[in-house]
Amino acid sequence: MKIAPQQRIYVCFFLFAVSLGALLSRMPDLQVALDVDKSELGLTLIGAAIGALISLTLSSPVIARLGARTTAFITVLGTSALLSLVPWIGAAPVVFCVLFVEGMLAGALEINLNVEIDRIEAQLGRGVMNRAHGFWSLGFFVTALVSSVVRQAGISMQLHLAVTFAAVLVLGVWAISGMRNAPARTPLNEGKAPLVALPTRSLMPLCVIGIAAFLVEGAGIDWSAIYMRDVFSVEPFIGGLGLTLFTFCMALARLFVDPLVDRFGPRAVATMLLVLSAIGICAVWGAPHAYVALAGFAAMGAGCSAVYPLAVSAAAQRTDRAAHLNVAALGQMTFVVFFLAPPLLGLIAEHAGIRTSYLVCLPLIVYALFSVKVLAQRRAACGGSVASVRSVNG
């Protein structure tokens, strides 16, 4: 079956999210299997953050040499294979090492897919980046829904992730085999870009906005199942609904929020979404009943959905330096926060309680609300120069 180039990228985003989400949905089982507390589990997960940071900084030349197709084969299938090995490992230090390598592949995957979808946008003459991010979120939703049923049925982690890898292998080979390198944007590749794009002081408000969104996303995706288990002692199916609702609302908002941005502008939409995130966090923190917590997770998912893409667009439109430097600086900081959030929140949960770990997200959201003034009141007209610099996932 012939599919469009951008649809192959959609599939890759979806499969990566499915693989990662399958493991994250089994965090309670992984904690028991490794016989570690929440803080030790968090420190184990930080291996992926370290690997991703190194890869985001250093892997661009390798990706350029290998090309989009070969890189996609290695990263999409490689991350899934490594994640499927985790349930078979009984020692936390070894899991840390496996996740470190997985994080390196994940960082390269993010660069590769986003650069390729950016080039495809130039060919199409229309934006498809947000929809690609939507398929990332859709993958998390699908795997969260499936995982709730799988955990309720008592299926082991080993079998669950092995079947997931098998599905990713088949679909990945099918989608990636027909991938062709889209032509590079010549005007944007003049000169040698630095390996590390550090944020400037004027870019920091956008970094705060992006970090706030990723912190909420990490809290919702990684710890919702353990929260529901520890706070309400619900059965696995109900416990998994927190992640299911979070990812569903996030995917839905990302796929359909653009008309609201066109009508009301980035600043108003970002403010609305950040307030919704704050409401969701407060609901989870003080939830007297499991269903209130589930509603809170749904609000968190919708609230953090489009905040980061709006920050990326604003960074791309800045004129203080080359647009790709601003976008790369924003992306490196916020993407790593996605991996750092689980261990940091795990440490807080272990020592102050898992409810309090969610409340810790609130001050950063408030700070981000004071920073939204750097966003435009109205969305700028879509043009190649703006769309072309979106090269980091959110």
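Quick caveat, the model's predicted, so the values are computed rather than measured.
- Tracing side-chain contacts under 4.5 Å through hydrophobic residues (I, L, V, M, F, W, Y), one never reaches W88 starting from V86; they form parts of separate clusters.
- One hydrophobic cluster, built from ILVMFWY side chains closer than 4.5 Å, holds both L169 and L109.
- Here the side chain of S80 pairs no donor or acceptor atom with the backbone of L77 at under 3.5 angstrom.
- The line from CG of L206 to CE of M204 is 10.0 Å long, rounded to the nearest 0.5 Å.
- Under the 4.5 Å side-chain criterion, counting only non-hydrogen atoms from C-beta, Q7 is not in contact with F135.
- A continuous path of Ile, Leu, Val, Met, Phe, Trp and Tyr side chains, each step under 4.5 Å between heavy atoms, connects V62 with M104, placing both in one hydrophobic cluster.
- Summarising the geometry of S55 relative to G107, their closest heavy-atom pair is OG-C, 3.5 Å, with the distance given to 0.1 Å.
- Under the 4.5 Å side-chain heavy-atom criterion for Ile, Leu, Val, Met, Phe, Trp and Tyr, L362 and F246 are members of distinct hydrophobic clusters.
- Closest approach of T164 and V18 over heavy atoms only: CG2-CG1, 3.8 Å.
- Between the side chain of E102 and the backbone N or O of T79 there is no donor-acceptor pair closer than 3.5 Å.
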Go through the steps to decide whether S305 and L273 satisfy the test side-chain contact (heavy atoms from CB on, under 4.5 Å), and finish with yes or no.
-> CA-CA 8 Å; S305 59; L273 293 176; 4.2 Å; yes

Check: residues 91-99 side-chain donor-acceptor pairs under 3.5 Å, at least two apart:
none

Do L23 and M27 pass the side-chain contact (heavy atoms from CB on, under 4.5 Å) test, and can you show the C-alpha distance, the side-chain angles, and the key distance before you say yes or no?
-> CA-CA 7 Å; L23 178 65; M27 281 295 106; 4.0 Å; yes

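- The distance from the CG atom of L243 to the OG atom of S224 is 4.5 Å, given to the nearest 0.5 Å.
- Taking each heavy atom of L310 and P266 in turn, the nearest pair found is CD1-O, 3.8 Å.
- Aromatic rings of F297 and Y227 (six-membered ring for Trp) have centroids within the 6.0 Å cut-off, being under it.
- The salt bridge (Lys or Arg N to Asp or Glu O under 4.0 Å) pairs that include a residue from residues 9-30 are R26-D29, D29-R151, where partners are two or more places apart or lie in different chains.
- Closest approach of C12 to I176, counting heavy atoms only: SG-CG1, 3.7 Å.
- Interatomic distance, CD of Q31 versus CG of L45, reported as 10.0 Å (0.5 Å rounding).
- Looking at L138 and F13, their side chains never come closer than 4.5 Å, going by heavy atoms from C-beta outward.
- Applying the side-chain hydrogen bond (donor to acceptor under 3.5 Å, both in side chains) test to every pair with at least one member in residues 351-375, sequence neighbours left out, gives no pairs at all.
- Here the side chains of Q123 and P5 are not in contact, with every heavy-atom distance at 4.5 Å or above.
- Distance CD1/I3 to CD1/I9: 9.5 Å, rounded to 0.5 Å.
- Side-chain atoms of E350 do not come within 3.5 Å of backbone N or O of L347 as any donor-acceptor pair.
- Although no hydrogens or angles enter the test, the distance criterion places a donor-acceptor pair under 3.5 Å between the side chain of T247 and the main chain of T244.
- A299 pairs by the side-chain contact (heavy atoms from CB on, under 4.5 Å) definition with L276, not counting sequence neighbours.
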When you look at S137 and R254, which way does the side-chain hydrogen bond (donor to acceptor under 3.5 Å, both in side chains) test go after all the steps?
-> CA-CA 8 Å; S137 301; R254 278 186 167 176; 3.0 Å; yes

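- How far CG of L215 is from CG of L345: 5.5 Å, rounded to the nearest 0.5 Å.
- The backbone N or O of W174 sits nowhere less than 3.5 Å from a side-chain atom of S177 that would complete a donor-acceptor pair.
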Can you check side-chain contact (heavy atoms from CB on, under 4.5 Å) on F232 and I238, steps first, answer last?
-> CA-CA 10 Å; F232 297 109; I238 300 298; over 6 Å; no

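- A270 approaches L375 most closely through the heavy-atom pair CB-CD1, 3.5 Å.
- At least one donor-acceptor pair closer than 3.5 Å links the side chain of N112 to the backbone N or O of A68.
- L43 belongs to no multi-residue hydrophobic cluster, having no ILVMFWY side-chain contact under 4.5 Å with any other such residue.
- In this structure, W136 has its ring center under 6.0 Å from that of F16.
- No continuous path of ILVMFWY side-chain contacts below 4.5 Å connects V32 to L159, so the two sit in separate hydrophobic clusters.
- Contact record, E116 with R180: OE2-O, 3.2 Å, taken as the closest heavy-atom pair.
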So I281 and V216, side-chain contact (heavy atoms from CB on, under 4.5 Å) or not? Walk me through it.
-> CA-CA 8 Å; I281 284 172; V216 174; 3.9 Å; yes

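- One distance of note links CZ of F73 with CG of L66; it measures 13.0 Å at 0.5 Å rounding.
- For residues 253-295, the ring pair (Phe, Tyr, Trp, His ring centres under 6.0 Å) pairs, not counting sequence neighbours, are H289-Y291.
- Under the 4.5 Å side-chain criterion, counting only non-hydrogen atoms from C-beta, V284 is not in contact with W223.
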